[in-house]
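The shown structure was predicted, so the numbers you read here are calculated from the model rather than taken from an experiment.
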Amino acid sequence: MFIRDDEDPLTVYSLQSAVSNRNETLTGAINIIDLANVYSCSFIATDDVGKLYADKSFEVLGRMDGSDLRGCSLLSV
């Protein structure tokens with residue numbers, strides 16, 4: 001999982017970024033790379049906002065402002 005800057009989609013931060021910056025918590029839009037998914041799309045850029053912690057954990061905070069409702073977020077309407 002990677003965190004991308006919500007203002008600049010070409011700026012991507014990884015877990016190594018959080019560890020090298022003195023246990024910084026990274027917040028932004030979530031990108032997912034699924035290497036086990038061989039026969040379909042293995043790269044997903046979501047409109048979900050999350051935090052990536054230096055201890056390899058992450059937290060999903062919700063959808064970005066102005067993004068379409070998708071998946072489970074449709075149930076909360």
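- Atom CG of Leu26 and atom CZ of Phe58 lie 14.0 Å apart (nearest 0.5 Å).
- In this structure the side chain of Ile3 never reaches within 4.5 angstrom of the side chain of Val12, judged on heavy atoms.
- In this structure, Val60 and Ile30 have side chains that are in contact, with non-hydrogen atoms separated by less than 4.5 Å.
- The side-chain heavy atoms of Lys51 and Leu61, taken from C-beta on, include a pair separated by under 4.5 Å.
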